[in-house]
S.K.: 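This is the structure I want to talk about, given as structure tokens.
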Amino acid sequence: MIFLEWLKYLLILVCPLMMIFCMKGHGHGHKHQNHESHCSKGMDTKISNLEIENAKLRQEIEALASMVKKGS
């Protein structure tokens, strides 16, 4: 019965300890600037791809709108 009482406290203490050990694996040892520059390069690529896709979709919309006007 005493073991069950200690088990409650052990489980409560395990949570913060697990959080500390788990957070060590999330790159706290890396330089923050490298991560930011890597992310910004990826974001720039994604933004440029979205701008290209947006331009293509606008052209398609204009083509469809002109087809609808011709059909009316």
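Quick caveat, the model's predicted, so the values are computed rather than measured.
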S.K.: Just verifying a value: how many Å separate L7 CG and I12 CD1, rounded to the nearest 0.5 Å?
M.R.: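 If I round to the nearest 0.5 Å, the distance is 10.0 Å.
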S.K.: Kindly give the heavy-atom pair with the smallest separation between A63 and S66, and that separation in Å.
M.R.: O-OG, 2.8 Å
S.K.: Working to the nearest 0.5 Å, report the span between CG of L64 and NZ of K69.
M.R.: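 Result: 12.5 Å between the selected atoms.
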S.K.: Using 0.5 Å steps for rounding, measure from the CD1 atom of I52 to the CG atom of L57.
M.R.: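 Between atom CD1 of I52 and atom CG of L57 there are 12.0 Å.
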S.K.: Measure the spacing between CG of L50 and OG1 of T45 and express it to the nearest 0.5 Å.
M.R.: 11.0 Å
S.K.: Give the cluster check for M18 versus L10: same hydrophobic cluster or not, with ILVMFWY residues linked at side-chain heavy-atom distances below 4.5 Å.
M.R.: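 Same cluster.
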S.K.: If you define the side chain from C-beta out and look only at heavy atoms, does anything of E51 sit under 4.5 Å from I47?
M.R.: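 In short, these two side chains touch, coming nearer than 4.5 Å.
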